[in-house]
Amino acid sequence: MDNLEKKQITTIAAISDVHSNVYALEAVLADIRYRDVDQIVNLGDILYGPIAPHATYELLMANRDDTITIRGNQDRQIYEATTAEIANNPTMGFIIKDLSKKAIEWMRSLPFDFHVSEDVYLCHGSPTDDMIYLLEDIETGQPIVRNDATILALLDGIDNDVILCGHTHIPRTVVLSSGQTIVNSGRVGYPAYEDDLPIIHKMQTYSPHANYALIKCIETQQGKHWQTEHVKVAYNHEAAANMALRNGREDWAFALKTGRVVPVRQYLKTFYSSNDSITFRLTMDFDLIEIT
């Protein structure tokens with residue numbers, strides 16, 4: 001990052017939401033190598049997941065000189081986890097056991113956001129909150145793009161021409177009335193999830209492909225223009241799904257194979273007959289945290 005002032009950046013590869021999926025990350029980085037990219041940016045939510053946290057960290061460290069990295073909400077979740085949270089969340093327990101102290105301290109050291117240049121700004125969720133969806137409203141339970149005024153308000157004064165974000169896992173490019181371009185790079189490693197905050201909603205991409213975005217500055221006589229390409233990369237998602245299954249996450253395995261959230265009945269039928277009366281609560285990564 002120290003050499004950015006001397007570096008001319010024309011083309012950026014934006015990755016986000018790797019979620020411990022080293023298989024997807026390997027494929028995406030390999031695809032990026034074939035492109036004329038000046039800078040890779042990693043928009044957070046990196047190591048949380050039941051696949052391969054430590055191997056993902058090692059791969060990122062091997063490419064750290066080429067990458068600007070910020071943290072996401074689930075990076076915080078790892079290094080802020082209490083003893084009780086680790087004990088009550090088997091996936092978190094697996095992650096903490098798999099990662100070295102050095103990896104956890106690396107996540108703790110990551111910035112909340114970053115200005116790549118006067119043109120380009122990075123955040124995970126929104127410029128003020130890594131839990132906020134910058135582009136999508138989910139009041140209906142499904143993502144719908146917010147209106148122009150709401151997005152501008154959520155930018156909270158950020159006036160860069162290009163804002164790169166992640167968090168929703170859904171690749172999207174939106175141009176605002178201000179002339180600003182907002183690019184959600186989608187997700188590298190986890191193509192679908194269900195969350196119950198602030199209300200129950202689903203984020204689905206309907207494909208197992210790994211996603212990233214290419215953002216290129218085009219200089220013309222009329223000034224700078226920003227070109228966006230959303231890239232879908234095929235990879236060995238079966239291997240990732242098998243690792244998730246091995247670590248007790250049938251829901252993640254289903255999402256990794258299909259890009260869809262596993263139907264609740266299908267997820268629960270292993271444990272309950274159709275006549276059982278149950279209530280349950282879901283978290284972002286579909287942990288069952290209350291069953292009565």
Side-chain angles (χ1 to χ4, degrees), residues 1-49 51-76 78-79 95 98-124 130 160-167 171 183-190 210-217 226-231 233 235 240:
M1 294 187 189
D2 295 336
N3 297 323
L4 279 180
E5 292 183 2
K6 303 176 183 178
K7 187 175 184 179
Q8 183 174 0
I9 298 175
T10 301
T11 305
I12 297 171
I15 66 174
S16 190
D17 296 276
V18 177
H19 283 289
S20 85
N21 191 340
V22 70
Y23 303 97
L25 180 61
E26 284 176 335
V28 164
L29 291 177
D31 192 81
I32 290 171
R33 290 188 198 104
Y34 288 101
R35 315 266 183 165
D36 186 16
V37 170
D38 303 307
Q39 183 66 61
I40 301 171
V41 299
N42 181 348
L43 303 172
D45 276 10
I46 305 163
L47 302 181
Y48 188 95
I51 303 171
H54 181 71
T56 301
Y57 168 74
E58 291 293 332
L59 180 57
L60 288 167
M61 290 303 98
N63 291 272
R64 67 186 304 173
D65 292 340
D66 303 319
T67 309
I68 297 169
T69 304
I70 63 173
R71 65 169 168 81
N73 59 294
Q74 290 207 301
D75 302 314
R76 283 192 300 102
I78 294 173
Y79 64 74
I95 294 164
D98 195 53
L99 291 176
S100 64
K101 290 183 179 179
K102 187 176 181 180
I104 293 174
E105 288 307 309
W106 171 73
M107 281 187 292
R108 194 189 302 275
S109 73
L110 295 175
F112 170 82
D113 59 0
F114 194 81
H115 289 267
V116 177
S117 66
E118 64 179 12
D119 296 318
V120 182
Y121 169 80
L122 315 178
C123 62
H124 178 69
D130 59 18
N160 300 70
D161 288 343
V162 178
I163 294 95
L164 305 181
C165 64
H167 190 41
V183 180
N184 188 315
S185 64
R187 80 296 174 275
V188 170
Y190 188 25
N211 290 112
Y212 76 97
L214 288 170
I215 304 93
K216 186 173 184 178
C217 180
W226 295 92
Q227 178 176 296
T228 303
E229 178 184 354
H230 290 281
V231 184
V233 180
Y235 76 100

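- Judged by distance alone, the side chain of His124 and the main-chain N or O of Gly166 form no donor-acceptor pair under 3.5 Å.
- When atom types are taken as modelled, the side chain of Asp75 and the backbone of Gly72 share a donor-acceptor pair closer than 3.5 angstrom.
- Note: Asp119 CG to Asp161 CG = 5.0 Å, rounded to the nearest 0.5 Å.
- No donor-acceptor pair closer than 3.5 Å links the side chain of His54 to the backbone N or O of Leu99.
- Shown here are the salt bridge (Lys or Arg N to Asp or Glu O under 4.0 Å) partners of Glu105, two or more places apart in sequence or in another chain: Arg108.
- Put simply, the side chain of Arg35 does not reach to within 4.5 Å of the side chain of Lys216, judged on heavy atoms.
- In terms of heavy-atom proximity, Asn42 sits nearest to Ser16 at OD1-CA, 4.4 Å.
- Applying the salt bridge (Lys or Arg N to Asp or Glu O under 4.0 Å) criterion to Glu58, with sequence neighbours excluded, gives no partner residue.
- The shortest side-chain heavy-atom distance between Ile70 and Leu110 does not fall under the 4.5 Å cut-off.
- Nearest heavy atoms, Leu43 versus Cys165: CD1-O, 3.4 Å.
- Considering all non-hydrogen atoms of both residues, Asn21 and Thr56 come closest at N-OG1, 3.8 Å.
- For Asn160, the side chain to side chain contact (heavy atoms under 4.5 Å, CB included) test picks out His115, Tyr121, Ile158, with sequence neighbours left out.
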Test Asp17 against Tyr190 for side-chain contact (heavy atoms from CB on, under 4.5 Å), laying out the working first. CA-CA 7 Å; Asp17 296 276; Tyr190 188 25; over 6 Å; no
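- For the pair Lys102 and Tyr57, the minimum side-chain heavy-atom distance is below 4.5 Å.
- Between the side chains of Asp31 and Tyr212, at least one donor-acceptor pair of N or O atoms lies under 3.5 Å.
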Do Val120 and Ile9 pass the side-chain contact (heavy atoms from CB on, under 4.5 Å) test, and can you show the C-alpha distance, the side-chain angles, and the key distance before you say yes or no? CA-CA 10 Å; Val120 182; Ile9 298 175; over 6 Å; no
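- Put simply, CG on Asp98 and CG on Leu47 are 9.5 Å apart, with the number rounded to the nearest 0.5 Å.
- Here the straight-line distance linking atom CG of Leu25 with atom CG of Leu59 works out to 4.5 Å at 0.5 Å rounding.
- Of the listed residues (Ile32, Val41, Thr69), just one forms a side chain to side chain contact (heavy atoms under 4.5 Å, CB included) with Ile15, and that residue is Ile32.
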Step-by-step side-chain contact (heavy atoms from CB on, under 4.5 Å) determination, Arg71 to Ile78: CA-CA 11 Å; Arg71 65 169 168 81; Ile78 294 173; over 6 Å; no
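- Taking NE2 of His230 as the start and CG of Asn211 as the end, the distance is 8.5 Å to the nearest 0.5 Å.
- Side-chain N or O atoms of Asn73 include none that pairs as donor or acceptor with a backbone N or O of Asp45 at under 3.5 Å.
- Between Val22 and Ala52, the shortest heavy-atom contact is CG1-CB, 3.8 Å.
- Counting heavy atoms from C-beta on, the side chains of Ser20 and Ile95 never come closer than 4.5 Å.
- Between the Gln39 side chain and the Asp66 main chain, a donor and an acceptor come within less than 3.5 Å of each other.
- To the nearest 0.5 Å, atom CD of residue Gln74 and atom CD1 of residue Ile46 are 11.5 Å apart.
- For the residue pair Leu164 and Ala14, the shortest heavy atom distance occurs at CD1-CB, 4.2 Å.
- Here the shortest heavy-atom pairing between Val183 and Ala213 reads CG1-CB, 3.9 Å.
- Atoms OG1 and CD1, on Thr228 and Ile12 in that order, are 10.0 Å from each other to the nearest 0.5 Å.
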